[in-house]
Amino acid sequence: MPRRILGIDPGLTRCGLGIVDVHGRQRLEFVHVSVVTSSPGDELPRRLRVLSDGIDKILDDFQPDSIALERVFAQQNLPSVMGVAQISGVVLVTAERRGISSALHTPSEVKAAVTGYGSAEKQQVGTMVQRILRLDAIPKPADAADALALAICSAWKSPLGAASAAATRASAPQQSGNASHQRDAPTAAQSAWLAAERAAKSRDRRVR
């Protein structure tokens, strides 16, 4: 039975929602993508309620097994960070109440997972999402493509976690010859993701 992942690109004005089914270790199937919105002219409690209601409906309709959410990180645009943090809190509480597991991924992790490059542009991410999920067009707006990218990133986390062990083995002396070394070595995309994960962990340690 496939594992269903809901990717959420959090935002107070636009919140991207993308769902994929994971078959086996890596094969992905597109399920759904949409964007829920709130009006900047409304008071904050109402905006959060509108977005929460939209997310609840998706959870009821599609019953995902897990949620992948973009990790909040500091930027110069403080109002944007605050909005992301507020809706992220709503998502995490909702997931906890429903007993749905959740995972946080930094933008660089997501970009590395999808494109193999942790500093990829949004257009590159959208193009790769389209190719990976075999879609007719790049999902619009960008929040929709980013939500699917989060789901893809989370879906491929376990195989790439295994790649970390492969990278460790590859750095050790090989007793089985060069063919074994090549078989165990991570791909370029896997290496990029592992580097992004290390950078994210390093930033977390500095913040603490």
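Between D65 and I5 there is no side-chain heavy-atom pair separated by less than 4.5 Å. The shortest distance between side-chain heavy atoms of P10 and V91 does not fall below 4.5 Å. For the pair V31/V20, no side-chain contact is recorded, criterion being any heavy-atom separation below 4.5 Å from C-beta on. Side chains of I19 and I58 form a contact here, defined as non-hydrogen atoms less than 4.5 Å apart. Within the 4.5 Å cutoff, side-chain heavy atoms of L92 are placed close to those of S102. Counting only heavy atoms from C-beta outward, the side chains of E70 and L150 approach each other to under 4.5 Å.
Within a 6.0 Å sphere centred on CD of E121, heavy atoms belonging to other residues, nucleotides or ligands number 12 at most. For R131, the CZ atom counts as loosely surrounded, since its 6.0 Å shell holds 12 or fewer non-hydrogen atoms of other residues, nucleotides or ligands.
In terms of modelled atom types and a separation under 3.5 Å, the side chain of D143 and the main chain of C15 share no donor-acceptor contact. Although no hydrogens or angles enter the test, the distance criterion places a donor-acceptor pair under 3.5 Å between the side chain of S38 and the main chain of L12. Side-chain N or O atoms of R71 include none that pairs as donor or acceptor with a backbone N or O of P107 at under 3.5 Å. Checking side-chain atoms of R134 against main-chain N and O of I132 turns up a donor-acceptor pair under 3.5 Å. At distances below 3.5 Å, at least one donor-acceptor pair connects side-chain atoms of T127 with backbone N or O atoms of Q123. A donor-acceptor distance shorter than 3.5 angstrom exists from the side chain of T115 to the backbone of K111, with no hydrogens or angles considered.
Hydrophobic cluster membership differs between L17 and L135, with clusters built from Ile, Leu, Val, Met, Phe, Trp and Tyr side chains linked at under 4.5 angstrom. Put simply, V90 and V50 are part of two different groups of oily side chains (I, L, V, M, F, W, Y) that touch within less than 4.5 Å, one to the next. At a threshold of 4.5 Å between side-chain heavy atoms, the hydrophobic network of Ile, Leu, Val, Met, Phe, Trp and Tyr places V33 and V114 in one connected group. The hydrophobic clustering, which links ILVMFWY residues whose side-chain heavy atoms are closer than 4.5 Å, places W156 and V125 together. When the side chains of ILVMFWY residues are joined at heavy-atom separations under 4.5 Å, either directly or via intervening members, M128 and I138 end up in two distinct hydrophobic clusters.
In plain terms, the two heavy atoms of I152 and V129 that are nearest each other are CD1-CG2, 4.2 Å. Of all non-hydrogen atoms in T37 and L51, the two that sit nearest each other are C-CD2, 3.8 Å. For the pair D21 and P2, the tightest heavy-atom approach, listed with the atom from each and the gap, is CB-CB, 4.0 Å. Of all heavy-atom pairs spanning R4 and F62, the tightest one is NH1-O, 3.1 Å. Closest approach of A151 to G18, counting heavy atoms only: CB-O, 3.9 Å. When all heavy atoms are compared, the tightest approach of I87 to G11 is CG2-N, 3.5 Å.
Clustering of Ile, Leu, Val, Met, Phe, Trp and Tyr side chains at separations under 4.5 Å leaves V35 isolated, with no partner residue.
Remark: of the listed residues D61, D53, D60, D61 is the sole one forming a side chain to side chain donor-acceptor pair (under 3.5 Å) with K57.
Applying the side chain to side chain donor-acceptor pair (under 3.5 Å) test to residues at least two apart or on different chains, none of the pairs has a partner in residues 81-97.
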Give the C-alpha distance, both sets of side-chain angles, the deciding distance and a yes or no for salt bridge (Lys or Arg N to Asp or Glu O under 4.0 Å) between R49 and D42. CA-CA 11 Å; R49 173 63 185 271; D42 288 341; over 6 Å; no

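The NE2 atom of H23 lies 8.5 Å from the CG atom of L28; values are rounded to the nearest 0.5 Å. The distance from the NE2 atom of H105 to the OG atom of S154 is 3.5 Å, given to the nearest 0.5 Å. Note that CG of L6 and CG of L59 are 6.0 Å apart. Values are rounded to the nearest 0.5 Å. In this structure, the separation between CG on D146 and NZ on K122 is 3.5 Å, given to the nearest 0.5 Å.
Comment: R14 does not engage D9 in a salt bridge, judged by the lack of any side-chain N to carboxylate O separation of less than 4.0 angstrom.
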